[in-house]
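In this chain, residues are counted from 1 in sequence order.
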Amino acid sequence: MAASQDLQEERGNDHKDYILEPLSLPESPGDISAIEVSPSLPCLFCEEYSPASEQKQLLKHMIIEHKLVIADVKLVADFRRYVLYWKKRFTEQPITDFCCVIRTNSEAPLADQDNYLLLCDALPEDRALREELQQQRLRDILEQQQQERYDSNFCGTCLFCDKEFTGNRSVLLNHMANDHAFNIGLPDNIVNCKEFLDLLQKKLNSLQCLYCEKIFRDKNTLRDHMRKKQHRKINAKNREYDRFYIINYLEFGKSWEEVQSEDDREFLPNQEEDWSGWEEHPLCAVCLFCEKQADTTEKLYVHMEEAHGFGLLQIKAEHGLNFYQQVKLVNFIRREVHQCRCYSCQKKFPSKKELATHMEETTHITLLPAKSMWDQPQYYFPTYENDTLLCTLSDSEEELTSGRAREAVPVISEDISNLEALKKSSILNQLLREETNNEDP
């Protein structure tokens, strides 16, 4: 009976050892310690650990408890690997072999003096370690950037029109730049693009302007603010974006502004250098009816006349359009073409290409609608915010022609050798008498 009770007790205790969830074997190689695979940061002297996100807390602990100061922490590319390296080295040799000793309150009594240890890149070994970590970080980032550059499985949504894009990331970035005037930089200069776009989308979902970073009450108000204030861009002063640009990894701890200013300073002492080879980057203007671009307005006018039969200069001269009327006309045509609608017969088409074919075949491209349709205040606002053609418009050709004609007219001064005779016979006196006679009635 006693044996039976013992057996039941033994079976009753067995359920405590039942495995109710899957187990996992350690995946790290046997030669890597638990400290190395842990995401936390170890103290260089004791068993204190801090989460990687609380790096400042660990630095504060080492200063207060162990009187150790690490110089230029922001220039350390991988702080965790840095402290793991020195934790191991401090167990192999005395700390004073690596650190400078700084005595504070040196003029005070001995009991009030403190000795602090300074670990900095003045030590060749520390400098070599920092450079190695920086090079490794740069290699990792370039590898990531190269992978993103040729990734054809990217999938993302436009931040402004919710249109989805698949394929290469450049398709989405170019769409936002061309269609929404939102340019975050060339795709080849960006890394961790998906994370970058997610961050921007999160800010917009929080009704925060990406440039001035103000919060608005609803999406419509935010959208109108960013459009009217031209805030469809990111705030370059926000250091949160630095990690998404390759230039910020070239010299770790330095922002793109610091790197750029150093590059500019290289040219300051040599201001007398020959700049004859300098070429300005031309502003490309886009055709009103197709995707053709030209680096000068003359080339663009020739293209529109030869390819589409549309002579903007001729229309400007025939209708005597001033600068502001030209602006409204261009914006009107841009909007109609963007909506794939013929501005002459108001017929809509599935694509811009079909629209252009229709307008050329029917010669509707030269038949402008009534002036009351396009000469409206609403067309002061550009259809495309980055429309370079608007910046190149000028006053009418007639004014330019008359200006050139005036330059060709010779000016002959009156003879001032006999001032008395000049006062009596001067054409100015004649004009003055005519003006006086006209005012008398």
Are a donor atom and an acceptor atom from the side chains of [X] and [Y] found within less than 3.5 Å of each other?
{"X": "E125", "Y": "Y85", "value": "yes"}
{"X": "E131", "Y": "Q135", "value": "no"}
{"X": "T221", "Y": "D218", "value": "yes"}
{"X": "N220", "Y": "R223", "value": "yes"}
{"X": "H61", "Y": "E48", "value": "no"}
{"X": "E213", "Y": "N238", "value": "yes"}

Let me confirm one number: the [atom1]-[atom2] distance from [X] to [Y], rounded to the nearest 0.5 Å.
{"X": "E298", "Y": "L300", "atom1": "CD", "atom2": "CG", "answer": "9.5 Å"}
{"X": "D179", "Y": "C158", "atom1": "CG", "atom2": "SG", "answer": "8.0 Å"}
{"X": "L355", "Y": "E360", "atom1": "CG", "atom2": "CD", "answer": "9.5 Å"}
{"X": "L172", "Y": "E164", "atom1": "CG", "atom2": "CD", "answer": "10.0 Å"}
{"X": "I246", "Y": "I190", "atom1": "CD1", "atom2": "CD1", "answer": "10.0 Å"}
{"X": "L390", "Y": "K328", "atom1": "CG", "atom2": "NZ", "answer": "13.5 Å"}

Going by the rule ring-ring contact (aromatic ring centres under 6.0 Å, His included), which residues pair with [X] if we only count those two or more places apart in sequence or in a different chain?
{"X": "H175", "answer": "F165, H180"}
{"X": "Y379", "answer": "F332"}
{"X": "Y384", "answer": "H338"}
{"X": "H358", "answer": "F349, H364"}

Just by distance, do the side chain of [X] and the backbone of [Y] share a donor-acceptor pair under 3.5 Å?
{"X": "Y343", "Y": "L367", "answer": "no"}
{"X": "N248", "Y": "D242", "answer": "yes"}
{"X": "N189", "Y": "G185", "answer": "no"}
{"X": "Q325", "Y": "N322", "answer": "yes"}
{"X": "Q230", "Y": "M226", "answer": "no"}
{"X": "K87", "Y": "C46", "answer": "yes"}
{"X": "T363", "Y": "M359", "answer": "no"}

Handout entry: Full working for side chain to side chain contact (heavy atoms under 4.5 Å, CB included) between F310 and T366
Key = CA-CA 6 Å; F310 182 82; T366 60; 5.5 Å; no
Exercise for the section: For V286 and L389, run side chain to side chain contact (heavy atoms under 4.5 Å, CB included): C-alpha distance rounded to whole Å, both residues' side-chain angles, the deciding distance at 0.1 Å, then the answer. Expected result: CA-CA 7 Å; V286 183; L389 179 59; over 6 Å; no
Practice task
Let me see the working for L329 and L321 under side chain to side chain contact (heavy atoms under 4.5 Å, CB included), right down to the final yes or no.
Solution key: CA-CA 9 Å; L329 178 61; L321 303 182; 3.8 Å; yes
Exercise for the section: Answer yes or no: is there an ion pair linking E240 with K203, defined by an N-O contact shorter than 4.0 Å? Expected result: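 Between K203 and E240 there is a salt bridge, with a charged N closer than 4.0 Å to a carboxylate O.
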Handout entry: Check ion pair R137-D140 (N to O, under 4.0 angstrom)
Key =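 Salt bridge absent between R137 and D140.
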Practice task
Could you tell me which residues satisfy side chain to side chain donor-acceptor pair (under 3.5 Å) with N205, sequence neighbours excluded, listed by chain and number?
Solution key: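 In terms of side chain to side chain donor-acceptor pair (under 3.5 Å), with neighbours along the sequence ignored, N205 is linked to Q201.
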Practice task
List in chain and number order the residues that pass side chain to side chain donor-acceptor pair (under 3.5 Å) with Q339, two or more places apart in sequence or in another chain; answer none if no residue qualifies.
Solution key: R341
Taking side-chain contact (heavy atoms from CB on, under 4.5 Å) as the test, write out the residues that go with [X], two or more places apart.
{"X": "L118", "value": "V69, A71, C100, I102, C120"}
{"X": "C340", "value": "K352"}
{"X": "D72", "value": "L75, R130"}

Practice task
Tell me, please, which residues at least two apart from K88 pass salt bridge (Lys or Arg N to Asp or Glu O under 4.0 Å).
Solution key: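 With neighbours one apart ignored, the set is E92.
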Exercise for the section: Kindly determine whether I70 and F79 satisfy side chain to side chain contact (heavy atoms under 4.5 Å, CB included), including the steps that lead there. Expected result: CA-CA 11 Å; I70 300 178; F79 185 70; 4.2 Å; yes
Problem - Least distance between heavy atoms, T388 atom then A285 atom - result: CB-CA, 4.2 Å
Practice task
Determine the minimum heavy-atom distance between V83 and P42, stating which atoms define it.
Solution key: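 The pair with the smallest heavy-atom distance is CG2-CD, 3.9 Å.
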Problem - CD (Q346) with more than 12 external heavy atoms under 6.0 Å - result: yes
Residues 144-155 side chain polar contacts: donor-acceptor under 3.5 Å, at least two apart:
{"residue": "Q144", "atom": "NE2", "partner": "E148", "partner atom": "OE2", "Å": "2.8"}
{"residue": "Q145", "atom": "NE2", "partner": "D188", "partner atom": "O", "Å": "2.4"}
{"residue": "E148", "atom": "OE1", "partner": "R169", "partner atom": "NH1", "Å": "3.1"}
{"residue": "E148", "atom": "OE1", "partner": "N192", "partner atom": "N", "Å": "3.1"}
{"residue": "E148", "atom": "OE1", "partner": "C193", "partner atom": "N", "Å": "3.2"}
{"residue": "E148", "atom": "OE2", "partner": "N192", "partner atom": "N", "Å": "2.8"}
{"residue": "R149", "atom": "NE", "partner": "D188", "partner atom": "OD1", "Å": "3.3"}
{"residue": "D151", "atom": "OD1", "partner": "N153", "partner atom": "N", "Å": "2.9"}

Problem - Contact list for residues 197-219, test ring-ring contact (aromatic ring centres under 6.0 Å, His included), sequence neighbours left out - result: Y211-H231, F216-H225
Exercise for the section: Could you label the plane-to-plane angle of the F90 and W86 rings as parallel, tilted or perpendicular, counting under 30° as parallel and over 60° as perpendicular? Expected result: tilted
Handout entry: Side chain to side chain, I64 and K60, heavy atoms closer than 4.5 Å
Key =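 When only atoms from C-beta onward are counted, K60 and I64 do touch, with a gap below 4.5 Å.
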